Protein chains: 4
Amino acid sequence: MCRWLAYSGAPVLLDEVLFKTDHSLIDQSLRAFDKTNTTNGDGFGIGWYGKRDVPGVYKDIRPAWNDMNLQALAAQIESPMFLAHVRATTGSPVQRSNCHPFDYKQWLLVHNGLIDGYQKLHRDLAFSVSSELFPLISGTTDSELMFMLALSFGMEADVQAGVARMAGLVEHVAKEHGVENSLQMTLGISDGESLYAVRYSTEGNSRSLFYSASRDATAEIAPDAGRFSRGARAIVSEPLSNLEADWVPVPEASFLTITGDKISCVPFSPIPP
Amino acid sequence: MCRWLAYSGAPVLLDEVLFKTDHSLIDQSLRAFDKTNTTNGDGFGIGWYGKRDVPGVYKDIRPAWNDMNLQALAAQIESPMFLAHVRATTGSPVQRSNCHPFDYKQWLLVHNGLIDGYQKLHRDLAFSVSSELFPLISGTTDSELMFMLALSFGMEADVQAGVARMAGLVEHVAKEHGVENSLQMTLGISDGESLYAVRYSTEGNSRSLFYSASRDATAEIAPDAGRFSRGARAIVSEPLSNLEADWVPVPEASFLTITGDKISCVPFSPIPP
Amino acid sequence: MCRWLAYSGAPVLLDEVLFKTDHSLIDQSLRAFDKTNTTNGDGFGIGWYGKRDVPGVYKDIRPAWNDMNLQALAAQIESPMFLAHVRATTGSPVQRSNCHPFDYKQWLLVHNGLIDGYQKLHRDLAFSVSSELFPLISGTTDSELMFMLALSFGMEADVQAGVARMAGLVEHVAKEHGVENSLQMTLGISDGESLYAVRYSTEGNSRSLFYSASRDATAEIAPDAGRFSRGARAIVSEPLSNLEADWVPVPEASFLTITGDKISCVPFSPIPP
Amino acid sequence: MCRWLAYSGAPVLLDEVLFKTDHSLIDQSLRAFDKTNTTNGDGFGIGWYGKRDVPGVYKDIRPAWNDMNLQALAAQIESPMFLAHVRATTGSPVQRSNCHPFDYKQWLLVHNGLIDGYQKLHRDLAFSVSSELFPLISGTTDSELMFMLALSFGMEADVQAGVARMAGLVEHVAKEHGVENSLQMTLGISDGESLYAVRYSTEGNSRSLFYSASRDATAEIAPDAGRFSRGARAIVSEPLSNLEADWVPVPEASFLTITGDKISCVPFSPIPP
């Protein structure tokens, strides 16, 4: 189980969001609210949009809470759109290539959840990755494979459709192997223009996901910043503070899009192969 | 706050003690019983006596729970005497040279606790390290400095006296700087022949320390090993199982010595400079 | 381009072979004889047979020359059969799962060389790995994939046949993709009983490989050890000293087997699928 | 022996200078021109002035040539003034706290060279660090100690005087311990406003140091950037290209200051204590 965060709005220094809050993502790496898995110490990563066509990505295998580089970088990097992730492995090795976000061209993706029975399904799923993308697989996680599958299925042209076909394939292959309730996911995705988020699980009992419904809610995550724009929005796997006013749960089986100050939330269901 | 373990007895493979128990030291790195500091994810180390005059030492900055090297090594290394430590930093950088055990010639030392006000006292304490030992300081922890001070004060000839003079100096220098309750420590020390342990704090409220009073108690830490010798003993900062029968608390302000199957426990008090 | 070493004989401490020679493998990590690729600083690994059914494996992403853990471990670990490897990546990420040796049950494998056009061939080759072994792939190198393919093709029952079928498949798939001279390899393999080595390349111009023909030659690699048994043998990708007397080049396209003090060397050719 | 680079001018993306040249600093980490020490693979660091009062710093213990984070960061970070360093240890452990640049408030420092006999002199030199700065020492290098000494001796008010007093102390203490030719250094220093560089050695045979005398020379280090401002300047420990036109050697025993497009170079000599 992991934790992640995505931000869209006027440019902010990353540490205003990642470090300077009561229950920041970095705090969650050491001690999350969740009872069963309080420590997310198996690596971390940030991806942000800045000066280049492609986003910057910084990942390491240390716990986020003790990485001085992360603190120094987050104090310097300013961005209008970024994703951050702290990892608790469900079995894959702790190596940078297994840390989120995964990137491809201008795309970034983070994942909280798992493919149940991944050991059994891994090979069949890998075969469905397009031959162009296959050589780009650099790690061994279910999460990276989900990203590569969604891209293989047209995510660049239609994010929701690409993700829905990926989810459909996972559930189809799982059923063939006798795996029930195979998919559990909250996803954060960005192309630098919009933030996308998906909350879905085969069993209909997905991990939590929230977004900030107002500037005030966003401001909770960085009260001293004093510079959040009207349309600033954050999406989080677990609320960043105890004050939960104005944090809106993303409904079960939903697809959320944030573009500038526009938010849309529509039902999400897998598209079988 | 850290956790540590020391073993003396017939040779065992390290993983029998470090991994294969209900509440092993490796489990404690991820989730200790203690409420206020459950995660010891800021590095770890093992030191063991084997083929050479000097002990082997293996340290890394990763959390102990996700290091595949540690698992592989602990499955191969067999030793009649070893110490292991999982770290939660109280401020010093997470780097190998700040991981325990510290070693010098045939000596090993692990520490749980801290010198309060260490930032203020560091310089004066460092100047009391002998000029022969000073260049060997490779990290920046209070723990390594305590080791170097005890060695400077004759620990090689008389362990208890060396440690007592170190403790006396720390309290003396602290008082000069207006620091109350400066020293908090449980120490595990070995020269390959004996295990030594110290439980002491200036305020008289030291962190917990236990030793196994019987082979049965020792066997609790590795029930499947089936090979613990009669005199096998372990010292631990936190009991390794919920069954606490036969785990004996080391009394406040005490110095414990285990040599073969002989155990002695005497009062400990600092020797002022 | 990488460098590797394998040893078989009476038990020795690893540092006698890895560190204490004029041109040791660790020296080669910093400065090899070869002109075009003098630095092998992209990780390293050792695998040795000891107390358990499976070998011990220790890998890290640091350069071998600056890893204090490796020095400490090599000074303690004694073994009658081991492999060691220093890596210079040909493109795959520098992560532990891409370091050699690769292990499976009692088997170890190290590789110097590459599959040319690996990016293009990777997917087709991966699909030929058996479904039992596929989930065990933990990295992204051509070397690990060659190991998994050889195992899929029966290496456990017949080492030479498994490797030959792997080589045949690589060349076959390469030809389909228009890749000439696809395979370049020296391999070191062990099951704890025998050492196996293969020297082969599609173009018939393979990287160097040598073995020690006599105890005197083996003794060159650790002149102070004074304990090499009569049958002690080493296989190396580059001679470990300037004195090359009694180091025998493995002929082009050959398969070498060392079992105790018996050596056999037979022609090797790929078996097409 | 190490290599370093400093830049001052219109803002550039770091990778234009660090990666995109024929003989870039990153290339030098793998293979420098110098015959005796071609590999600088024991860690690296960059420090740059950006959004905050204090500079950003990113360091790691990996070789610079294989760190994907460095490539990604250098492609995003734009700065008008930065220092970069690749390390070849002269004995101190390879850990982040021993990587350059060292930072204090708005100050950065990089060093190529060494204090000869440092093991002997370390303690006496450490005692001369002011009590305010002593607790900030986080590593064990001679380089960091030189920085702390120069700061203790007034570098913030007068850079040349602070460095000269540091050099004077080192030579004085060395003489007391019978060490000849104790100091060998090229230093790069910045406060975000100016670049300072020092070339000095006790024996009068200092390591090389160059600066670019013209925009054309600076442009050599990043020919595709096409955006270097008129006053852009670089200081380098080894020329960044084979075309050495317009790279000016800093004379033996000199102190160089670059502020905007003004350059001054004056004699440097130590100030004895």
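Just so you know, these numbers come straight off a predicted model, no measurement behind them. In what follows, every heavy atom counts, from backbone to side chain, and hydrogens, waters and symmetry copies are set aside. By convention in this document, chain letters (A, B, ...) are assigned in the order of the sequence lines, proteins followed by strands, and residues within each chain are numbered from 1.
Most heavy-atom pairs under 4.5 Å with chain C, from the set Q71(B), K51(B), M68(B), R96(B): that is R96(B). Options I77(B), N69(B), V57(B) differ in how many heavy-atom pairs under 4.5 Å they form with chain C, and the most are formed by N69(B).
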Exercise for review: Could you please spell out the steps behind the side-chain contact (heavy atoms from CB on, under 4.5 Å) verdict for L73(B) and Q76(C)?
Suggested key: CA-CA 11 Å; L73(B) 290 166; Q76(C) 298 289 339; over 6 Å; no
Exercise for review: In sequence, state the C-alpha distance, the side-chain angles, and the governing distance for D60(C) and K59(B), and then conclude on salt bridge (Lys or Arg N to Asp or Glu O under 4.0 Å).
Suggested key: CA-CA 12 Å; D60(C) 209 350; K59(B) 304 176 175 190; over 6 Å; no
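Looking at D15(B), the atoms closer than 4.5 Å to chain C (heavy atoms on both sides) all sit in the side chain, from C-beta outward.
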